[in-house]
Amino acid sequence: MLTAEQIQSNWEEFCENINTHISSPRKEKLLEFYEKYADRIMMMPAAHKKEYHNAFPGGYVEHVNRVVRCALKQAKLWEEEGADMSTFTTEELVFSAINHDLGKMGDEEHESYIPQTDKWRKEKLGEDYMFNKQVPFASVPDRGLFMLQLHGVQYSFNEMIAIQTHDGLYDNANEKYLKVFMPEQKPRTSLPYILHQADLMAARIEFEREWLPKFKNSVPTQGENFTLSKESKKSTKDKALSQLESKGLKDLFDKL
Ligand SMILES: [Fe+2]
């Protein structure tokens, strides 16, 4: 969970990325758009299920900022290895990263993710949020691009393809761009691959930060198939021994 101060400073980093990397007049249009929805976007989770990455208040902006940082670093790596960096601009890279998950916000009136009202799903399935049925279905990239055009924010062809395909081949819909064998049908720029790698990297890091410490400290509960550590095996044995009254049986178990 993030503190109010972290949520605020993540929002400042988010706006700073627009100020630094997006040129006028698009910069002003984009800032106007994000200011309009600031309260909603600042508090949004990055997913509706807590098993997914950053599914907590403020998780969306934290994720997007990480994707921007990873995208800039990935681009350097691609450049060092000889990728043709003249096929896209840094502005296109950052714009795509900032807006790649925008479709998660929902539409003008309604948020996509609202607090879960079903107690069973919240407790058993870990769904702290649920999809808002008032929002008609659209894929995340489609809705994000729709919201941008609705608010007069133009995007380039490169940005459109990068946002559309940011999930890589995790989304079958991207096969038409990414699983093709004819050279003329392949993307003419590495931008979609760089953005996808940055998103993958950020989501993986968020998973590790949130979940690996929980696995380290986990205590087996009934029905879970955990391998007991030496310490927990010892305490289980001590507990069992303390419950035995017969000294003979105690000695027998203690030797096991
Ligand atoms: Fe993402």
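Whatever order the structure lists ligands and atoms in, that order sets their numbers, starting from 1.
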Margin query: Which residue in the set Glu13, Glu16, Glu62 passes salt bridge (charged side-chain N to carboxylate O under 4.0 Å, His left out) when paired with Arg69?
Written below: Glu13
Note to self: For Arg204, is there an ion pair with Glu208 - N to carboxylate O distance below 4.0 angstrom?
What the structure shows: yes
Note to self: If the cut-off is 2.8 Å, does any N/O/S atom of Asp199 fall short of it from the Fe ion (ligand 1)?
What the structure shows: yes
Check: If you draw a 6.0 Å radius around CZ in Arg40, do more than 12 non-hydrogen atoms from other residues or ligands fall strictly inside?
Finding: yes
Checklist line | Metal site the Fe ion (ligand 1): N/O/S of His166 inside 2.8 Å | finding: no
Notebook entry, point to check: Relative to the Fe ion (ligand 1), which of the N, O or S atoms in Asp101 is the closest?
Noted result: OD2
Check: Should Tyr60 and Asn10 be marked as a side chain to side chain donor-acceptor pair (under 3.5 Å) after you check the CA-CA gap, both sets of side-chain angles, and the distance that decides it?
Finding: CA-CA 10 Å; Tyr60 172 84; Asn10 286 342; over 6 Å; no
